[in-house]
Amino acid sequence: MRHWAGCERQYFGYIDSTNRRARMLARDGAPHGFICVAGNQTEGRGRRGRDWVSAPGLSLLLSIILRPKVEAASRPLFSYAIALAAADACEAACRLDTWIKWPNDIIIQGKKVAGILLEGEGDAIIAGIGINVKQKEHDFPTDVRQKAASLEMVSGKRIDLDWLEAALLDSIETRMDGADCLQAYRKRCITLGAQVCVIGENTWKGTAVDIDPSGALLVRDSDGIVHTVFAGDVSIKGENGYV
Ligand code: BTN
């Protein structure tokens, strides 16, 4: 039984961005677990200032307000809990191995099926989750077509949006209330052990060797020096598609 995730729900046929709305509601005191869900977004936001483009009725577009009672230093771990929860829900829907590309892209069969945007609002964290569910290849913008897929494309199954929303909320509660998820995250993270290209102020190559509790990725360069890289500062590309 679920206790708090989705305790209150606002649904919008169209909205600019569920994350933007959830931030406003969090400012006005909306409780831990409050969700905003939309059929479509006109200004969906992705990580690192990118857009998140969707079409009506094809995706699960959901933002949840989190008010975790933990010290600030542990907060990066919530990014891992939410990524694991999204991966759990996608895996349950598709019955296919589901991976996480650091920090929180959800990958099935080498394609990105979901993305997560975490934003702070005062004491609250807004976790915005976009899952591609019913798209066909031509529904994706041309620039992401090679890299993106929907759950129905990869699984060949029909997936119900309401069922997926419930599965996601169940997983969010389980992962957030459960034991330290860093170890579970490491097991699910395809970036670990891979050759990666770190794209920030400079671009360089290395091997992703670990994840640390502050949320950073540790990358060893060709001189053997291990660098700590933070998701807000760099983007990571695999040498062969997604890592
Ligand atoms: C990414 O991979 O860049 C993150 C994408 C996050 C998209 C979701 S859709 C629901 C929520 N509302 C937004 O505007 N963004 C997030």
Side-chain angles (χ1 to χ4, degrees), residues 5-6 9-27 30 33-66 78-87 89-90 98-108 110-121 124-135 139-141 143-151 161 164-165 168-169 171-172 189-191 199 215 217 230-238 241-243:
R9 179 182 190 267
Q10 279 190 359
Y11 178 83
F12 306 89
Y14 268 95
I15 198 171
D16 48 6
S17 155
T18 55
N19 258 41
R20 184 179 293 164
R21 177 57 61 110
R23 287 183 73 157
M24 285 166 48
L25 290 162
R27 268 201 298 275
F34 192 113
I35 59 169
C36 297
V37 182
N40 198 16
Q41 299 181 129
T42 50
E43 292 171 40
R45 306 202 298 227
R47 287 185 54 243
R48 298 178 59 75
R50 288 186 284 250
D51 295 333
W52 183 263
V53 179
S54 54
L58 302 183
S59 309
L60 179 60
L61 304 166
L62 179 149
S63 298
I64 183 163
I65 297 173
L66 304 170
F78 290 115
S79 157
Y80 298 155
I82 296 293
L84 283 164
C90 293
T98 304
W99 304 100
I100 301 166
K101 172 186 177 272
W102 181 87
N104 46 27
D105 287 346
I106 309 302
I107 309 293
I108 300 181
K111 304 270 188 172
K112 176 165 171 173
V113 294
I116 296 167
L117 173 66
L118 288 151
E119 298 183 290
E121 183 60 58
I125 298 170
I126 313 302
I129 303 155
I131 305 182
N132 304 327
V133 182
K134 295 183 171 292
Q135 289 89 342
D139 292 314
F140 291 104
D143 56 326
V144 300
R145 219 167 264 177
Q146 294 285 325
K147 297 191 276 187
S150 68
L151 300 186
L161 289 171
L164 186 65
E165 179 183 323
L168 176 64
L169 295 171
S171 306
I172 288 175
C189 179
I190 41 166
T191 312
I199 304 160
L217 182 69
F230 292 95
D233 300 337
V234 299
S235 92
I236 294 284
K237 278 207 168 51
Y242 275 115
V243 288

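Atoms within each ligand, like the ligands themselves, are counted from 1 in listed order. These values consider heavy atoms only, across backbone and side chains, with no hydrogens, waters or symmetry-generated copies.
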Give the residue, atom name and distance (to 0.1 Å) of the protein heavy atom nearest [atom].
atom: atom 15 (N) of ligand 1; result: Arg45 O, 2.7 Å
atom: atom 1 (C) of ligand 1; result: Arg47 N, 3.6 Å
atom: atom 8 (C) of ligand 1; result: Gly130 N, 3.6 Å
atom: atom 5 (C) of ligand 1; result: Trp52 CE3, 3.3 Å
atom: atom 11 (C) of ligand 1; result: Thr18 OG1, 3.2 Å

**Prompt:** So which bit of Leu62 gets within less than 4.0 Å of ligand 1, heavy atoms only: side chain, backbone, both or neither?
**Reply:** backbone
What atoms in ligand 1 come closer than 4.0 Å to a heavy atom of [X]?
X: Gly44; answer: 14 (O)
X: Ser17; answer: 12 (N), 13 (C), 14 (O)
X: Ser63; answer: 11 (C), 12 (N)
X: Leu61; answer: 9 (S)
X: Asp105; answer: 2 (O)

Any donor-acceptor N/O pair, [X] side chain to [Y] backbone, under 3.5 Å:
X: Asp16; Y: Glu43; value: no
X: Gln146; Y: Val144; value: no
X: Arg47; Y: Ala231; value: yes
X: Thr191; Y: Trp102; value: yes
X: Gln41; Y: Thr18; value: yes
X: Ser17; Y: Asn19; value: yes

**Request:** Could you pull out the closest heavy-atom pair between Asn104 and Leu118, with the gap in Å?
**Result:** ND2-CD1, 3.9 Å
**For the student: nearest non-hydrogen atoms of Ala22 and Ile65, plus distance** = O-CD1, 3.5 Å
**Request:** Taking the side chain as every heavy atom from C-beta outward, state whether Leu168 and Ile64 have any pair of such atoms under 4.5 Å apart.
**Result:** no
**Prompt:** So is Arg50 close enough to ligand 1, meaning a heavy atom under 4.0 angstrom away?
**Reply:** no
**Prompt:** Lys112: heavy atom below 4.0 Å from ligand 1, yes or no?
**Reply:** yes
